[in-house]
Amino acid sequence: ATSTHDTKRSEDVRARIDVLSEIPAEWEKCLIRWSRINRRHKTRVEAIDVPTPPEESMLYQTLLGAWPFAADQEREFLDRVQQFLVKAVREAKMYSRWTQQNEPHEQALLRFAAEIFGPGQESFREDFLRFQRKIAWHGALNSLSQLLIKITAPGVPDFYQGCELWDLSLVDPDNRRPVDYPKRIQMLEDLRKETSAR
């Protein structure tokens with residue numbers, strides 16, 4: 001199994017994020033540049049700038065890893081990222097937790113995530129998307145390599161629901177969204193027709 005109901009990020013998201021470990025110097029430059037560009041969107045909460053450096057890095061990694069293929073999915077995606085951030089910050093238990101929620105910190109984090117793609121952020125957006133396309137390309141190669149090993153290695157490959165196609169899901173409940181089975185059925189039918197015509 002490469003993704004399950006409890007995976008924090010789906011296999012394809014992780015395959016993209018893994019690319020960052022292959023280009024650490026370039027990733028570091030992006031982090032520094034983006035942090036400088038987006039500094040004005042931080043909020044001071046209890047003498048701490050939010051997001052903190054680890055939270056900001058996690059946000060950029062998540063955006064790079066899960067950025068959708070289609071532009072029309074962007075608004076929904078940013079909402080999903082905000083849900084992911086709340087869960088991540090509570091489970092980290094540094095500044096908020098399920099049993100003792102720090103609403104000002106969480107709201108500052110969510111506001112930052114929303115504002116960095118808002119009006120006037122074209123320079124960040126262009127720079128981010130340029131780097132994201134590079135990461136997505138190499139991440140796809142990572143995903144396909146992992147899939148090839150998965151389906152050809154001894155044993156029975158385990159496909160989590162929806163992972164038959166590209167899956168850019170985050171932690172539950174995001175990875176439990178309804179699977180588009182009609183799309184998969186249609187693709188299978190098209191494949192059958194194509195192979196039977198040969």
Side-chain angles (χ1 to χ4, degrees), residues 3-21 23-68 71 73-132 135-136 139 167-177:
S3 275
T4 72
H5 70 285
D6 201 33
T7 306
K8 300 303 180 191
R9 296 179 175 112
S10 68
E11 58 200 71
D12 295 321
V13 173
R14 294 192 317 269
R16 283 182 178 180
I17 293 173
D18 287 347
V19 176
L20 300 176
S21 67
I23 51 171
E26 188 175 355
W27 168 227
E28 181 182 27
K29 286 178 185 174
C30 285
L31 267 179
I32 293 168
R33 188 168 58 249
W34 297 344
S35 185
R36 189 183 67 245
I37 292 170
N38 293 325
R39 184 180 306 138
R40 64 191 173 102
H41 298 295
K42 291 191 172 196
T43 304
R44 197 132 179 101
V45 178
E46 297 172 5
I48 297 170
D49 286 334
V50 179
T52 63
E55 290 169 339
E56 190 172 4
S57 177
M58 175 192 65
L59 171 60
Y60 296 140
Q61 286 179 34
T62 302
L63 292 169
L64 288 168
W67 194 264
Q73 298 172 349
E74 191 175 312
R75 181 66 255 162
E76 175 200 2
F77 168 67
L78 294 174
D79 290 340
R80 290 171 41 220
V81 167
Q82 288 185 316
Q83 292 173 24
F84 168 84
L85 288 172
V86 169
K87 185 162 189 172
V89 76
R90 288 179 185 174
E91 292 190 355
K93 297 181 183 178
M94 293 290 294
Y95 301 103
S96 190
R97 57 189 67 210
W98 291 107
T99 56
Q100 191 176 356
Q101 297 165 16
N102 184 338
E103 193 169 326
H105 188 97
E106 291 178 7
Q107 288 305 312
L109 187 58
L110 297 181
R111 192 166 41 253
F112 180 87
E115 289 178 358
I116 61 175
F117 286 103
Q121 285 296 110
E122 289 74 22
S123 62
F124 166 69
R125 181 186 178 82
E126 288 172 16
D127 193 48
F128 170 82
L129 290 177
R130 177 197 55 78
F131 188 62
Q132 192 281 328
I135 295 302
D167 181 30
L168 301 174
S169 296
L170 301 170
V171 71
D172 61 276
D174 193 58
N175 63 3
R176 297 179 189 171
R177 287 172 295 146

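We number each residue from 1, following the sequence as shown.
The aromatic rings of Phe131 and Trp27 lie parallel to each other, their planes meeting at an angle below 30°, with 60° marking the opposite boundary. Between Trp67 and Phe117, the ring planes lie tilted relative to each other; the angle falls in the 30° to 60° range.
Residues Ile23 and Ile135 are in side-chain contact: their nearest non-hydrogen atoms beyond the backbone lie under 4.5 Å apart. A 4.5 Å side-chain heavy-atom check between Ile116 and Leu63 finds at least one atom pair inside the cut-off. The shortest distance between side-chain heavy atoms of Phe112 and Leu59 falls below 4.5 Å. In this structure, Glu91 and Trp98 have side chains that are in contact, with non-hydrogen atoms separated by less than 4.5 Å. For the pair Thr52/Met94, no side-chain contact is recorded, criterion being any heavy-atom separation below 4.5 Å from C-beta on. Counting heavy atoms from C-beta outward, Ile17 and Leu64 have side chains that stay 4.5 Å or more apart.
Under the side chain to side chain donor-acceptor pair (under 3.5 Å) rule, Ser96 has a single partner from Gln101, Glu106, Arg90, which is Glu106. Across Val89, Val171, Asp174, a single residue satisfies side chain to side chain contact (heavy atoms under 4.5 Å, CB included) together with Phe84, and that is Val171. The side chain to side chain donor-acceptor pair (under 3.5 Å) with Glu115 is formed by just one residue from the set Lys42, His41, Arg40; it is His41.
Phe77 and Thr62 make their closest contact through CZ-O, 4.4 Å (heavy atoms, listed as atom of the first residue, atom of the second, distance). Leu85 approaches Ala113 most closely through the heavy-atom pair CD1-CB, 3.7 Å. The minimum heavy-atom distance linking Ala108 with Val45 is given by the pair CB-CG2, 3.9 Å. Residue Ser21 comes nearest to Asp18 through the heavy atom pair OG-O, 2.6 Å, listed as atom of the first residue, atom of the second, then distance.
Between the side chain of Arg39 and the backbone N or O of Arg36 there is no donor-acceptor pair closer than 3.5 Å. The backbone N or O of Val50 lies less than 3.5 Å from no partner atom in the side chain of Thr43, so there is not a single donor-acceptor pair. No side-chain donor-acceptor contact under 3.5 Å links Lys87 to the backbone of Pro173. No side-chain donor-acceptor contact under 3.5 Å links Ser57 to the backbone of Pro53. Looking at Ser35, its side chain never comes within 3.5 Å of a backbone N or O of Ile32 through a donor-acceptor pair. A donor-acceptor pair under 3.5 Å links the side-chain atoms of Asn175 to the main chain of His5, judged by distance alone. Remark: side-chain polar atoms of Glu56 are not paired, donor with acceptor, to backbone N or O of Pro51 under 3.5 angstrom.
A salt bridge between Arg16 and Asp12 is absent, with no side-chain N of the basic residue lying under 4.0 Å from a carboxylate O of the acidic one.
Arg9 contributes atom CZ, which lies 12.5 Å from atom CG of Leu168 (distance to the nearest 0.5 angstrom). For the atom pair Arg130 CZ and Asp127 CG, the distance stands at 5.0 Å (nearest 0.5 Å). Interatomic distance, Gln82 CD to Arg111 CZ, rounded to the nearest 0.5 Å: 11.0 Å. Of the inter-residue distances, the one linking Leu110 atom CG with Gln83 atom CD reads 10.0 Å to the nearest 0.5 angstrom.
In this model, a donor atom of one side chain and an acceptor atom of the other lie less than 3.5 Å apart for Ser169 and Asp167. Gln121 and Asn38 form a side-chain donor-acceptor contact under 3.5 Å, judged by distance and modelled atom types alone.
In this structure Gln73 satisfies the side-chain contact (heavy atoms from CB on, under 4.5 Å) test together with Pro68, Ala70, sequence neighbours excluded. When the salt bridge (Lys or Arg N to Asp or Glu O under 4.0 Å) test is applied to Arg125, the partners found at least two apart in sequence or on another chain are Glu74.
Under the salt bridge (charged side-chain N to carboxylate O under 4.0 Å, His left out) criterion, the residue pairs touching residues 43-55 are Arg44-Asp49, with sequence neighbours excluded.
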